[in-house]
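Okay, structure first, notes after.
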2 protein chains.
Amino acid sequence: MDDESLSTILKAASDPTRRAILTLLAQQGPLRVTDIHSRFDMSLNSVSKHIKALERAGLVKRRTEWREHLIEVDMGPLSLIDAWFAELRSIWELRLEALDGILSKEDPEDDRPEPDRRTRHRRRA
Amino acid sequence: MDDESLSTILKAASDPTRRAILTLLAQQGPLRVTDIHSRFDMSLNSVSKHIKALERAGLVKRRTEWREHLIEVDMGPLSLIDAWFAELRSIWELRLEALDGILSKEDPEDDRPEPDRRTRHRRRA
DNA sequence: CATTCGTTCAACCATATAGGTGAATAATAT
DNA sequence: ATATTATTCACCTATATGGTTGAACGAATG
């Protein structure tokens, strides 16, 4: 549905460091920014930025207790991606079924322009 | 498994135009670059680049017949993403189960540093 | 042969982002 | 009050990417 948040989520997940952070959080549970930083050979600032990217995508949630910011993974948005994949797959399968049904009936030329190989020059609407 | 190709796939899928191209291909079947271009308000060159990005990610395959390049969607790589999600989820659930098991047994302090709220200064290894 | 069509390649610009450093803020400990 | 710890904010640089335009290439038509 929401195309923009889908982009944000996928883009956030497309970075190896961010995926590693997600994995770390999944197996270790809520951690502080500093704890996460200690696992990576990278400046604390960069880690903080990555976390903010994950936060923007909704893949992690921040729970601020006293002076520590606990970061925990949120599996929710992943289902959005699942849903998109499922939709794409179903569209694809629907087309195949429809193709099956048409195979012997309609004039195939005006439905989808099936390339008529090695005839004279292709013109299409 | 292959972290780099996972990044490539997710990044390719993170662009709205590219997702639209995938959807179009899923419902229309194999199309030429020009056909795809006609659906978007964008230069042919840009469309060509997007297609190459999708190709690099393995999300579409190119079938060159005579002088036309037929582009068709390939659902294969999507399973790679599915697999990663599933792995992440299972790691997460495993931790929860383990937490359940430990609840009353071990010294909780050296397993995962559970923040001991408002005690004296935190020091960690 | 010259022309047209489908596609890619090359150069270019604007913008976004990953990474860094250093200062600022907030809260606790001494 | 001062020092220490945790986090963020602001700024800078390099690189990647989306988009453009224009030229080049290969194949089929006339």
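Convention: sequence-line order gives letters A, B, ...; per-chain numbering from 1.
Using a 4.5 Å heavy-atom cutoff, the side chains of A:Leu59 and A:Leu78 are in contact. With a 4.5 Å cut-off on side-chain heavy atoms, A:Glu87 and A:Ile91 count as touching. With contacts defined as side-chain heavy-atom distances shorter than 4.5 Å, the pair B:Leu94/B:Glu97 qualifies. Under the 4.5 Å side-chain criterion, counting only non-hydrogen atoms from C-beta, B:Thr23 is not in contact with B:Val73. Under the 4.5 Å side-chain criterion, counting only non-hydrogen atoms from C-beta, B:Ile51 is in contact with B:Arg62.
No donor-acceptor distance shorter than 3.5 angstrom exists from the side chain of B:His37 to the backbone of B:Ser43, with no hydrogens or angles considered. A donor-acceptor contact shorter than 3.5 Å is absent between the side chain of A:Ser79 and the backbone of A:Met75. Listed for the B:Arg19 side chain is no donor-acceptor partner under 3.5 Å among the backbone atoms of A:Trp84. The closest donor-acceptor contact from the side chain of A:Ser7 to the backbone of A:Asp3 lies under 3.5 Å.
One can place CD1 of B:Ile51 at 7 Å from P of C:dT8, the figure rounded to the nearest angstrom. In this structure, the NE2 atom of B:His37 is 12 Å from the P atom of D:dG19, given to the nearest Å. We find that NE2 of B:His69 is positioned 6 Å from C1' of C:dT7, with the value rounded to whole Å. Summarising the geometry, the separation between CD1 on B:Ile71 and P on C:dT8 is reported as 7 Å, rounded to the nearest angstrom. D:dT5 atom C1' lies 9 Å from atom CZ of A:Arg32, rounded to whole Å.
Dashed line: the shortest gap from a side-chain N or O of B:Lys52 to OP1 or OP2 of C:dT7 is not under 4.0 Å. At the phosphate of C:dC5, neither OP1 nor OP2 sits under 4.0 Å from any side-chain N or O atom of B:Thr34. Listed pair B:Ser48 / C:dT8 meets the phosphate criterion, a side-chain N or O lying under 4.0 Å from OP1 or OP2.
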Pairs: protein N or O with nucleotides 17-24 of chain C N or O, under 3.5 Å:
{"residue": "C:dT17", "atom": "OP1", "partner": "A:Lys11", "partner atom": "NZ", "Å": "3.2"}
{"residue": "C:dA18", "atom": "OP1", "partner": "A:Arg18", "partner atom": "NH1", "Å": "2.9"}
{"residue": "C:dA18", "atom": "OP1", "partner": "A:Arg18", "partner atom": "NH2", "Å": "2.8"}
{"residue": "C:dG19", "atom": "OP2", "partner": "A:His50", "partner atom": "NE2", "Å": "2.2"}
{"residue": "C:dG19", "atom": "N7", "partner": "A:Lys49", "partner atom": "NZ", "Å": "3.2"}
{"residue": "C:dG19", "atom": "O6", "partner": "A:Lys49", "partner atom": "NZ", "Å": "2.5"}
{"residue": "C:dG20", "atom": "OP2", "partner": "A:Ser43", "partner atom": "N", "Å": "3.0"}
{"residue": "C:dG20", "atom": "OP2", "partner": "A:Ser43", "partner atom": "OG", "Å": "3.0"}
{"residue": "C:dG20", "atom": "OP2", "partner": "A:Ser46", "partner atom": "OG", "Å": "2.4"}
{"residue": "C:dG20", "atom": "O6", "partner": "A:Lys49", "partner atom": "NZ", "Å": "3.0"}
{"residue": "C:dT21", "atom": "O4", "partner": "A:Asn45", "partner atom": "ND2", "Å": "2.3"}
{"residue": "C:dG22", "atom": "O6", "partner": "A:Asn45", "partner atom": "ND2", "Å": "2.2"}

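In DNA chain D, consecutive stretches of 3 or more Watson-Crick or G-U wobble pairs with both distances under 3.5 Å are given as paired ranges: C:1-30 with D:1-30.
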